[in-house]
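This report concerns only the one structure given below.
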Amino acid sequence: MRTPSGSSFDEPFIAKMRHQRALSGVSPKEMKVFESVIPLKSRQAWKKFAVGKFESKEEFQSGFVRHVETTLARSLYNCDELAAYQAASQTIRDRLIVSWNRTQQNHSLVQPKRIYYFSLEFLIGRAMDNAILNTQTKDLTKAGVDEFGFRLEDLLEQEPDAALGNGGLGRLAACFVDSLATGQYPGWGYGLRYQYGIFKQKIIDGHQVEQPDYWLTYSNPWELPRYEISIDVMFYGTVDTVKDEQGNERQVWQNGDIVRAVAYDMPIPGYNTESTSNLRMWSAQPNNEFDFNKFNEGDYESAVRDQQRAETITAVLYPNDNFYSGKELRLKQQYFWVAASLSDIVRRFKKTRKPWSEFVDQVAIQLNDTHPTLAIVELQRLLVDRELLPWDDAWDIVVGTFGYTNHTVLPEALEKWPIDVLGNLLPRHLEIIYDINYRFLQMVGKRFPDDWDLLRRVSIIEESQPKQVRMAYLAIIGSHKVNGVAELHSELIRTTIFKDFVRIYGPDKFINVTNGITPRRWLLQANPNLAALIAEKTGGYDYLTNLGQLKKIEKYIHDPEFQKRWYDVKRENKERLARLIKSQTGVEVNTEALFDIQVKRIHEYKRQQLNIFGIIYRYLQLKAMSPQERQKVVPRVSIFGGKSAPGYYMAKSIICLINMVGRVVNADPDVKGLLQVIFIEDYNVSKAEIIIPASDISEHISTAGTEASGTSNMKFVLNGGLVIGTVDGANIEITREIGEDNMFLFGNLAESVEEIRHHHLYSGKHVVNKKLLEVFKTIEDGTFGSPDMFRALISSIRDSGDYYLVGDDFDTYLEAQNRVDQAFRDRDSWNSKSISAVANMGFFSSDRAVDEYAETIWNVESVAPNASQS
């Protein structure tokens, strides 16, 4: 065969090239060879019919009708809202894929260093609204579906929230992949494609009940199944020592169970850019569908058992690990995900034909919490066992590749795995962990020969019963940078839980990168009217990629007309939330009242119990007032939302108490219009987009020193809500940016917490706050249902040391709430505070956070679309 350029290749080579074209990941050299092999006529024909991006309403409508009639096999006469949503999504996805293909091809040509973000959660929310906003096609999409008789708002409601995460960890990851694409960084996210996710929360008789979240019932039009990209992942097996041809011994892990990881890709569009990143999620499938011999013999259950066992790995986010089987399944999830992701990354690197010494110049991997820590061990295994690199050379590559983000200062929250569980499931990895630990402790022993207890404290292996692997310690040792996510958090990990490692490695390894949020999702998408008002005063929507431009609205803080328009936007958002509450609970809330909101994962350290105890005390005060006194009270609607872990009894008790208090308060004519208590079930990203813009005040009241950062506080303030909170996490930096006059702070400081706890436990003088005791008495009198339901919750504070300092902070909490009431009475002053707060939120963009990661940890640079062709 002769190519148009005159070169000739034999048929086997041509066949090989055609086969290569079917695979993912092509090197620049191969792309040039393909171009020379493919005849000019074929390339011209391809270019003539290449898919383009719709740029007009008519082009969108053409794609819409095509997908209704061919993809969905429907017609004009049976196209309902679900079909219309799916067709619109497929049309918009087609547009994204064009940009996605160009972005990935450009990265293959340029060969930049890439960042891979490993997170067990990606709480991305709905994709369609985000896609049409980031591609700036919302207006033409709206006009296009309108002519077919559909409202865009109704179609958006058809999309279920992707059940790929639970709380702040997953939402942070989603913000980061958005910012990676918007900043044109060559970056991918890697996660798991959960079939059911966490769970769907129902509130029945006041109690949380978990139900499966069938989010994939009608398939997911935003994902691209990549069945050709499948990777075998092994569990169990044996480790054998073999000799190579040179007589060198090496370890071989073999004879284990194989599960296949199949890739599903989700294009992530950047805002106002051609750059489209990728979120690759892995789904577990059996290596063999079923045992046909057993099936023919009538043993049907055994025949499909392997399939069921494999699919279980990616069925549910965070399987219950109270039992051995649950621990093993959760560990399986973590290894399955990192093994498939690393295999994919290594395959892509090997396509470049670069030497292993350049791996760290091409690849950066960020570990989002300890869940992906096994990636450190797996990469060392691949380099030593498969690529036959010397141990030290491999380890230098590993450390240079990984960065670790810590998300907790609570020692009990640091992940650990029992030796027997890890060794049974991953025998070779346990050997490597012991080798890593041995070399690390040797280094520590040489540097600190007189401190034998230091070796015990920093060992990866915890000598407990049973012995456990400390995953956070492994993450620190195997990474070149460790970062906290707020200034206080980063300082606390340096001075408390990781202080020994700071002594060993020095302070430069431990840095801070304060979290951020994407203003595209959390302002433009969630609060379009406020976004438009800001754009009018800042000269356009450029502030969405340069959030510091919010400063321009500062000059309107005391402008009466601007204040009125600002207030009107807030009122409309409160009315929108009121409709959601009415549809969910049947309760009509007073939209002129102060909306006091606390929505987040239910946990004792986040102290929803402090909030509900404060509400009970407020209720008791209202009941004791005369009708004339009540007329002077600021009306308030207290709104909660969030999920408890299924096995977390105390958190479930808090949910129950909130609902029982709401049942009593909302039906009491004495406080009608003055106090209402609402729990919004099944809190998720889509509901957050309605709840957050409606807030007047939001509660971020964790015990000081326990919240790493928090990002919901950033979302609330960016939407014009003020904060009542402790001096904890990102509250500190928010206060610094927006001013203490615009925050309502209370409570003990982090440096006092341990001393107070010690005093509670050992002095014998733990005296519970009298006002709180009054609240407890009301609960125990049966005012809110059977007191047995709340006995443990009360006892944890009154009788068991009050670990989270609810009683110690109760008075200052009530005092702060009084300050909120006083400030809210002056609506003009309140609006000024709200405007001022938003104007000074520029620092809290995830774009800024990603830029800091890129500069200080990853050493990656942005790549403009089609830079190779400029």
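These numbers come from the heavy atoms of this one structure, side chains and all, not from hydrogens, waters or symmetry mates.
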Are any of the side-chain heavy atoms of Ile639 and Ile581 separated by less than 4.5 Å?
yes
For atom CD of Glu153, decide whether the heavy atoms of other residues, nucleotides or ligands shown that lie under 6.0 angstrom number more than 12.
yes
Among Val806, Ile612, Ile654, find the one that has a side-chain contact (heavy atoms from CB on, under 4.5 Å) with Leu793.
Ile654
Below 4.5 Å, heavy atoms only, C-beta onward: do His700 and Arg607 meet side chain to side chain?
no
Students often mix this up, so state it plainly: with edges at 30° and 60°, are the rings of Phe562 and Tyr556 parallel, tilted or perpendicular?
tilted
Taking the six-membered ring for Trp, is the centroid-to-centroid distance between Tyr648 and His603 below 6.0 Å?
yes
What do the steps show when you test Phe640 against Ile615 for side chain to side chain contact (heavy atoms under 4.5 Å, CB included), and what is the final call?
CA-CA 12 Å; Phe640 295 83; Ile615 290 168; 3.6 Å; yes
Do Lys623 and Asp668 meet the salt-bridge criterion of a basic N to acidic O distance under 4.0 Å?
yes
Distance col, row Leu172:CG vs Ile517:CD1, nearest 0.5 angstrom, shows 10.5 Å
Might you work through the side chain to side chain contact (heavy atoms under 4.5 Å, CB included) test for Glu210 and Gln208, ending with a clear yes or no?
CA-CA 7 Å; Glu210 300 88 27; Gln208 171 180 295; 2.7 Å; yes
Verify whether the ring centers belonging to Phe613 and Tyr813 lie closer than 6.0 Å.
no
Determine, stepwise, if the pair Glu491 / Asn512 fulfils side-chain hydrogen bond (donor to acceptor under 3.5 Å, both in side chains).
CA-CA 8 Å; Glu491 180 61 24; Asn512 174 65; over 6 Å; no
Checking Asp178 against Thr518: is there a side-chain donor and acceptor pair closer than 3.5 Å?
yes
Side chains of Gln563 and Ser832: do they bring a donor and an acceptor to under 3.5 Å?
yes
Ion pair Asp129/Arg521, N-O distance below 4.0 Å
no
Ile794 vs Ile779, side chain to side chain contact (heavy atoms under 4.5 Å, CB included): CA-CA, chis, key distance, verdict:
CA-CA 9 Å; Ile794 292 173; Ile779 296 171; 3.8 Å; yes
Can a donor-acceptor pair be found between the side chains of Lys643 and Asn166 at a distance below 3.5 Å?
no
Checking side chain to side chain contact (heavy atoms under 4.5 Å, CB included) for the pair Asp696/Lys574: CA distance, chi angles, key distance, verdict?
CA-CA 9 Å; Asp696 292 307; Lys574 290 167 80 168; 2.7 Å; yes
Less than 3.5 Å apart, any donor N or O on the side chain of Ser712 or Lys600 sitting next to an acceptor on the other?
yes
Ring centres of Tyr804 and Tyr605 under 6.0 Å apart?
no
How far apart are the C-alpha atoms of Gln817 and Gln822, what are their side-chain angles, what is the distance that settles it, and do they pass the side-chain hydrogen bond (donor to acceptor under 3.5 Å, both in side chains) test?
CA-CA 9 Å; Gln817 289 287 18; Gln822 291 298 324; over 6 Å; no
Are side-chain N/O atoms of Arg827 and Tyr567 paired as donor and acceptor at under 3.5 Å?
yes
Do Arg757 and Glu754 sit within salt-bridge range, that is, some charged N less than 4.0 Å from a carboxylate O?
yes
On the 0 to 90° scale, with breaks at 30° and 60°, tag the Tyr543-Tyr541 ring pair as parallel, tilted or perpendicular.
parallel
Taking atom types as modelled and ignoring hydrogens, do the side chains of His760 and Asp808 form a donor-acceptor contact shorter than 3.5 angstrom?
yes
